[in-house]
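Here the structure is laid out as structure tokens; the discussion comes afterwards.
Computation of the quantities below employed the complete heavy-atom set of this structure, encompassing side-chain atoms and omitting hydrogens, waters and symmetry-equivalent molecules. Order of the sequence lines sets the chain letters (A, B, ...), proteins ahead of strands, with each chain counted from 1. Here the structure is a predicted model, which means the values were calculated and not measured.
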Number of protein chains: 2
Amino acid sequence: MTTIKDVARHVGLSVTTVSRALNDFDDVSEATRARVRAAAETLDYHPNAVARRLQRRHSSTIGLMIPLVLHRSFDIFWLEFIGGVAAACSQRGVDLLVATADAHDDVGQGLHGLTRGSRVDGLLVCDIRQSDPRIAYLQRHRFPFVAFGRTTERQDYPYIDVDGAAGVMQAMAHLIGLGHRRIAYLGLDPAFGFSHYRFTGYMQALRNAGLTYDAGLSRVGLGELSAPAVAAEVLGLPDPPTAVIAAADFLAQAVLKAARALGLAVPGDLSIVVFDDSPLVQHAEPPLTAIHQPNTRLGEEAAGLLLDRVAGPDSPLVQRLVVPSLIVRDSTAPPREPPAHSSAY
Amino acid sequence: MTTIKDVARHVGLSVTTVSRALNDFDDVSEATRARVRAAAETLDYHPNAVARRLQRRHSSTIGLMIPLVLHRSFDIFWLEFIGGVAAACSQRGVDLLVATADAHDDVGQGLHGLTRGSRVDGLLVCDIRQSDPRIAYLQRHRFPFVAFGRTTERQDYPYIDVDGAAGVMQAMAHLIGLGHRRIAYLGLDPAFGFSHYRFTGYMQALRNAGLTYDAGLSRVGLGELSAPAVAAEVLGLPDPPTAVIAAADFLAQAVLKAARALGLAVPGDLSIVVFDDSPLVQHAEPPLTAIHQPNTRLGEEAAGLLLDRVAGPDSPLVQRLVVPSLIVRDSTAPPREPPAHSSAY
DNA sequence: GTGAAAGCGCTAACAT
DNA sequence: ATGTTAGCGCTTTCAC
């Protein structure tokens, strides 16, 4: 391992000068800088990052906590998100430390170990719950962080999130524009912020369109296990929906299967919009109209926000909402029969 | 930030003693150890990892280079793999640094930056090509590493890999056992080691079963773009296959679609086996018989191997091959007509 | 423009 | 059983 001392010795200068030459200080002569550079090159010298960190008192590293197998089908999302974070880090010359959040022991070991010991300058916390103790923990300890996702409580922390409500409202507008009036909503566990906000968009759109809320048509808290039964149940209602919004790809898959079992044509008898784009969604039969999030870019931006925050901890609070886009594919069409109430006119 | 000095001052001992007490040296009295522990607790002291690394001359960190959006549909695999690596690291108390490999500039900046500067003690390189310059680079620089995947050349380095050939041979045995004789193979870019070995298994199985190789039935080098056309082409052959092995989920999807377009029933008219399990595969219509890899466990083992290697660089070379398992679902059945040549007997 | 000296926070000989 | 001293590799006052 060649150190700065070796370089200094090689060019017959002090380590100080070598350090300054290599770090582009302007008080070192061009000639010297060149000599030092050359020496560093021939000796294959690369500064020891650890020593530098100790001296500079920051690690030039950020931490990323990702959920561990929480929502299996969101895999694509997370991988692309991580890719974005990694790319942003690499571009700005900082290291990325990845830790997985144990489902249960969030504030415990996980966070504690990461925030202590000066291993990371800041933390990107993901998969925020409606009420998330990690936020409070980080605030209390004044540890620089950015959340990817939002709680539904007091939001006095920096975050970036997808505007799930706006996404669902776009989907609803699309469906309502096609003539649908009975639109079902299949959602995930509302304990997660993103799940809550998506449902919020559904309710809001209903209200905006003057449609009445039918409790039988909106089911939340669904998982991979309950999805098939609930989908069948909703489609089998006496007065069934003509369209359904599924808050995740596997929910849409369940709806698709239930429709097939009931002999319902998609999109003829039933329209489907799904939140979150994925191979499963794109390769479905038919390919599904989807609310699409810019996964990689979200990662890049989240990392960027955190890096800015780390650089200037007293910078103003940044809270960014990214509006997803609706990609219309082949699973949405006008309802077969005209809506019942229109015959009254 | 509270340092070891603060603790020492607080208990009225030297930093040395505090260090030894906290690191469980046996030459410190129980009473002292207790006092020190208590002080550390009340002062909320956590050793500075960076300082410790500088002193110990290793970083207790390993690096993981993952492919950046190379094979889009393998997302699930990589995420679970990363999860396994992260879990193993966390369990053994080391940090995980994640870097993405730019598709083109592999040996260039990417590796160089990671291996230099003492930021990681070892590297896990993935997605190995048939001939991969990164291996040579790491060997030349005597940098501790473990490969996840194999080259097809000289293998004088530690690796862990899935035995792709064995996997495909299992699939072939299953198909041949059902009575299939015309079995097509749809493969990926053979430049990647895993792709090469999978195809190898196909050829070997053909030979073992005494089946003749039909060039029209095996197509490799396929991507998301070329897959649909090639699948249609192969299924539309004058003497079409009764079964096909797809080396990736999106290839199987393409086959499924082509079959549907041609009015072929799966598995009645056409059996399909896919390499790699994924939501896309499980939710397909019908759910596909698949060659399944233990994604998370592969990550754990890969990390374990690297950590062992880092601990003892002169330990014997470990090369581990993991045999995947065949999961029989609903896409495989005996061929409709008895194989043509059997009528000759 | 360059160098000497101090120190980041910790561990590890080597005393005692 | 505890303390003294040195040093990991680097950056940074402060001199000259």
Side-chain angles (χ1 to χ4, degrees), chain A residues 1-40 43-61 93-95 113 115-121, chain B residues 1-40 43-61 93-95 113 115-121:
Chain A
M1 200 70 296
T2 122
T3 78
I4 197 173
K5 261 189 198 154
D6 301 320
V7 179
R9 200 173 308 128
H10 193 263
V11 291
L13 288 169
S14 71
V15 284
T16 314
T17 305
V18 171
S19 172
R20 281 188 293 222
L22 259 17
N23 286 295
D24 286 323
F25 277 58
D26 49 4
D27 62 349
V28 33
S29 78
E30 267 316 319
T32 310
R33 190 192 312 287
R35 271 175 61 222
V36 171
R37 285 247 177 75
L43 295 179
D44 192 31
Y45 167 71
H46 292 264
N48 181 314
V50 177
R52 176 176 281 178
R53 284 168 193 182
L54 180 58
Q55 161 64 31
R56 296 231 243 241
R57 281 185 265 319
H58 62 248
S59 63
S60 297
T61 304
V94 319
D95 285 343
T115 54
R116 284 8 207 54
S118 307
R119 297 183 305 163
V120 299
D121 298 332
Chain B
M1 201 73 292
T2 122
T3 78
I4 196 173
K5 262 190 198 153
D6 301 320
V7 180
R9 202 173 306 129
H10 193 263
V11 291
L13 288 170
S14 73
V15 282
T16 312
T17 305
V18 172
S19 172
R20 281 188 293 221
L22 258 18
N23 286 294
D24 286 323
F25 277 58
D26 49 5
D27 61 349
V28 32
S29 78
E30 267 316 318
T32 308
R33 190 192 312 287
R35 270 175 61 219
V36 171
R37 284 248 178 76
L43 295 179
D44 192 30
Y45 166 73
H46 292 265
N48 180 313
V50 176
R52 176 177 279 176
R53 283 167 193 182
L54 179 58
Q55 160 64 30
R56 294 210 174 140
R57 278 181 274 306
H58 62 248
S59 63
S60 297
T61 303
V94 320
D95 284 342
T115 55
R116 283 14 208 44
S118 306
R119 297 183 306 163
V120 298
D121 297 333

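Across all strands, B:T3 comes closer than 4.0 Å only to sugar-phosphate atoms, never to a base (heavy-atom distances).
Partners of B:D44 by salt bridge (Lys or Arg N to Asp or Glu O under 4.0 Å), not counting sequence neighbours, listed by chain and number: A:R116. Residues satisfying the salt bridge (Lys or Arg N to Asp or Glu O under 4.0 Å) criterion with B:D95, sequence neighbours excluded, are A:R119, B:R53.
The side chain of B:T32 contributes an N or O atom lying less than 4.0 Å from OP1 or OP2 of D:dT2. Applying the 4.0 Å criterion to OP1 and OP2 of D:dG3, one finds that B:S14 has a side-chain N or O inside that range.
Rounded to whole angstrom, the span from the CG atom of A:D27 across to the C1' atom of D:dC14 amounts to 13 Å. Taking atom CG of residue B:D6 and atom P of nucleotide C:dC8, one finds them 11 Å apart after rounding to whole Å. Distance NE2 (A:H58) to P (D:dT11): 11 Å, rounded to an integer number of Å. Nucleotide C:dG9 holds its P atom 9 Å from the CE atom of B:M1, rounded to whole Å. In this structure, CG of A:L54 is placed 14 Å from P of C:dG7, rounded to the nearest angstrom. Here the C1' atom of nucleotide C:dG9 and the CZ atom of B:R57 are 14 Å apart, to the nearest Å. The nearest whole Å value for the distance from the CD atom in A:E30 to the C1' atom in C:dG1 is 12 Å. The distance between atom CZ of B:R119 and atom P of D:dG9, rounded to the nearest whole Å, is 17 Å.
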- Give the B/S/- string for nucleotides 11-16 of chain C, one per nucleotide from 5' to 3', where a protein heavy atom under 4.0 Å of the base yields B, of only the sugar-phosphate yields S, and otherwise -. BBBB--

- Task: Take A:N48 and A:T3, measure what side chain to side chain contact (heavy atoms under 4.5 Å, CB included) needs, and give me the verdict at the end.
- Result: CA-CA 8 Å; A:N48 181 314; A:T3 78; over 6 Å; no

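A:S60 and A:D121 make their closest contact through N-OD2, 2.7 Å (heavy atoms, listed as atom of the first residue, atom of the second, distance). Nearest heavy-atom pair across A:A21 and A:V28 is CA-CG1, 4.0 Å.
The CZ atom of B:R20 sits 5.0 Å away from atom CG of B:D27, with the distance rounded to the nearest 0.5 Å.
Just one residue in the list A:T32, A:N23, A:V11, A:D6 forms a side-chain contact (heavy atoms from CB on, under 4.5 Å) with A:V18, and that residue is A:V11.
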